[in-house]
Number of protein chains: 2
Amino acid sequence: MSEMSSGRGRDAHPAPTLEMVAAAAGVSRATVSRVVNAAPNVSDAIAEAVNEAILKLNYVPNRAARSLVSRRTQVIALVVPETTAKLFSDPFFATVVQGVALYLSDTDFTLNMLIASEMRSEKTRRYLLGGNADGALVVSHHEGDHSYDRLDLSLPIVYGGRPLLESESESYFVDVDNVAGAAEATAHLIATGRRSIATIAGPQDMPPGFDRLRGFRRAMADARLRSDLVEYGDFTPDSGAEAMRRLLDRGEPIDGLFAANDQMAAGAYSVILERGLRIPHDIAVAGFDNNYFGSTAVPALTTIDQPSLELGRAMAEVLVRRIEGKPVDRVTMMPTRLIVRASTTPRDA
Amino acid sequence: MSEMSSGRGRDAHPAPTLEMVAAAAGVSRATVSRVVNAAPNVSDAIAEAVNEAILKLNYVPNRAARSLVSRRTQVIALVVPETTAKLFSDPFFATVVQGVALYLSDTDFTLNMLIASEMRSEKTRRYLLGGNADGALVVSHHEGDHSYDRLDLSLPIVYGGRPLLESESESYFVDVDNVAGAAEATAHLIATGRRSIATIAGPQDMPPGFDRLRGFRRAMADARLRSDLVEYGDFTPDSGAEAMRRLLDRGEPIDGLFAANDQMAAGAYSVILERGLRIPHDIAVAGFDNNYFGSTAVPALTTIDQPSLELGRAMAEVLVRRIEGKPVDRVTMMPTRLIVRASTTPRDA
DNA sequence: ATGAAAGCGCTAACAT
DNA sequence: ATGTTAGCGCTTTCAT
């Protein structure tokens with residue numbers, strides 16, 4: 001295993017410049033620039049000659065030079081709060097990033113990923129304000145933290161997930177329709193014959209926690225059913241188990257459960273089983289997120305699928321449109337999808 | 001929900017330039033540049049005055065301008081083959097990326113993520129060769145594809161995972177020690193009393209597939225045990241199930257199984273159970289990867305943990321050292337760790 | 001120790 | 001339709 005040897009490169013073949021292309025094609029640099037940027041006013045003959053020279057020299061425009069004069073970096077920053085990065089193994093988040101990257105790979109933009117920790121928050125701000133990116137995407141997980149709002153004055157920003165206090169923010173965001181998704185899951189429970197439906201809600205200071213409870217309540221109200229069987233968890237399996245315990249300890253009959261995410265549903269499963277109750281016979285269960293906590297559970301969990309890839313794609317698209325000055329809605333809602341599995345099979349089936 | 005409004009910014013506050021700082025501090029631009037870059041020859045008094053001006057004006061150096069003259073972009077490209085991106089939900093991959101990002105966030109480098117599809121491979125090459133990055137990291141999953149080797153002449157590259165034909169490549173890479181990990185898992189099976197141990201190997205044209213089989217054979221040979229109970233899968237659960245079926249159909253006794261990854265182990269589980277055999281009583285099982293396929297299996301799967309975060313970190317570190325011209329080993333091996341769970345509990349325990 | 005000046009590679013008026 | 005020219009903001013000799 002040898003040592004050494006390093007950052008040479010880039011100098012072996014001193015990269016061809018626009019000027020060299022101009023010389024080779026026998027035209028001015030301005031003309032080459034026009035050809036490269038597909039400007040309207042170039043005669044076909046010359047354009048062809050220039051393109052030939054470009055090909056022959058293997059010319060690639062220097063981005064730094066271009067950025068310097070055009071004031072455009074063609075860079076989009078993806079800001080990942082460190083708390084979210086810790087949950088990196090969360091397939092939801094990874095898929096959102098993939099969606100962003102996929103969309104951008106068809107544009108001239110490049111994706112810059114930043115991990116923003118408390119410590120380095122100043123560094124992140126400086127990076128963003130230092131003209132290093134044309135726009136930023138902020139993905140936090142459940143927090144609804146729109147603390148980069150102020151930066152939006154200098155740089156277009158698009159968030160994944162709505163802000164906590166929507167009325168106080170003018171921020172652009174793309175969000176999953178948590179209310180509709182939760183309502184759909186609840187309605188499904190009702191449609192399969194359940195009447196005494198409880199919910200394990202998420203933290204009410206996190207938008208998804210709040211919205212999913214709202215969706216549950218709405219569906220219950222629509223069916224003229226009571227919706228006071230509510231306990232709260234923090235989206236972890238353990239908290240789901242405890243909430244289920246509290247729910248069962250109330251002594252009221254429960255034949256259906258909507259958990260605000262699959263993890264909590266998984267936690268609830270263990271308690272339900274431990275009390276000698278059967279799923280779905282005694283209690284039908286529906287979750288939210290559609291991840292492996294639900295798909296590998298026994299019985300498999302009915303849940304709400306989030307369009308994570310599309311969410312990422314949409315975030316990138318909204319941001320690019322803002323950067324390019326095209327009109328975009330300030331809020332974009334992504335539809336969810338009900339995934340019916342064994343945990344909500346009707347009793348008579 | 002309002003419409004419009006867009007890419008303004010950046011002009012509201014015309015970013016302060018080095019020149020403005022110079023004026024404010026009453027010195028020349030050269031001096032400001034020296035202070036910013038911590039050059040040796042600056043008097044404390046002046047340095048202080050300059051720093052004050054920088055703070056007051058909230059000055060941030062313009063990267064494009066800096067890159068243009070210094071020929072350094074401070075950008076590191078992370079190339080993700082699209083085939084890998086599809087497996088994005090794979091926690092292994094996501095965590096590697098996180099490791100990279102985490103390491104870089106303590107440096108002056110920035111992470112640029114590129115999805116390299118077949119279609120856009122030319123675009124990727126141009127990007128890399130166009131001086132848009134100071135170095136590149138290539139993470140493919142299992143493929144051992146080092147097809148960017150040629151670019152290494154112009155740009156330092158570091159791979160995650162060894163090349164398929166190591167002898168033919170001079171590439172820098174960081175890899176998990178698959179041989180040692182597989183050997184450790186197998187040795188553990190042996191240590192817990194198993195003697196007729198089979199393996200479900202991965203594709204032999206993928207380095208991890210090949211290396212894990214080698215590790216298995218080595219451990220068996222060290223214990224003077226036969227190692228001809230080998231069937232192959234393609235790392236998917238289904239292929240694991242089929243391989244297990246073939247193994248069992250051989251009619252030879254099997255009391256232990258090493259699967260080259262957790263997915264295939266999960267597939268094997270179903271066949272073992274379906275044949276009325278018990279885990280670990282009849283057959284003890286060990287996997288590799290340490291992901292949820294194993295941790296959520298029943299009984300929980302003994303497996304080999306890969307230091308994914310550290311792998312990413314190490315890749316970034318090796319690349320940065322190359323870029324900075326510091327010595328680095330061409331190959332870096334990351335140690336694995338045995339995670340003992342219920343699937344290998346000794347019979348007498 | 002500090003300043004003056006040149007120039008990195010490109011785009012965008014402006015002129016022709 | 002094409003060329004000329006003047007910078008973009010910074011680093012870096014070279015003087016002083």
Judged by modelled atom types alone, do Ser169(A) and Asp149(A) share a side-chain donor-acceptor pair under 3.5 Å? yes
Please lay out, stage by stage, how Leu137(B) and Tyr159(B) fare under the test side chain to side chain contact (heavy atoms under 4.5 Å, CB included). CA-CA 6 Å; Leu137(B) 255 19; Tyr159(B) 292 88; over 6 Å; no
Per-nucleotide protein contact along nucleotides 5-12 of chain D, 5' to 3', at a 4.0 Å heavy-atom cut-off (B base, S sugar-phosphate only, - neither), is BBBBBBBB
Are the side chain of Arg126(B) and the backbone N or O of Tyr59(A) linked by a donor-acceptor pair below 3.5 Å? yes
Run Arg322(B) and Asp152(B) through salt bridge (Lys or Arg N to Asp or Glu O under 4.0 Å) and show every step you take. CA-CA 11 Å; Arg322(B) 286 194 70 190; Asp152(B) 205 307; 3.0 Å; yes
Donor-acceptor under 3.5 Å (Arg162(A) side chain, Leu164(A) main chain): yes
Can you measure Met20(A) atom CE to dC8(C) atom P for me and round it to whole angstrom units? 13 Å
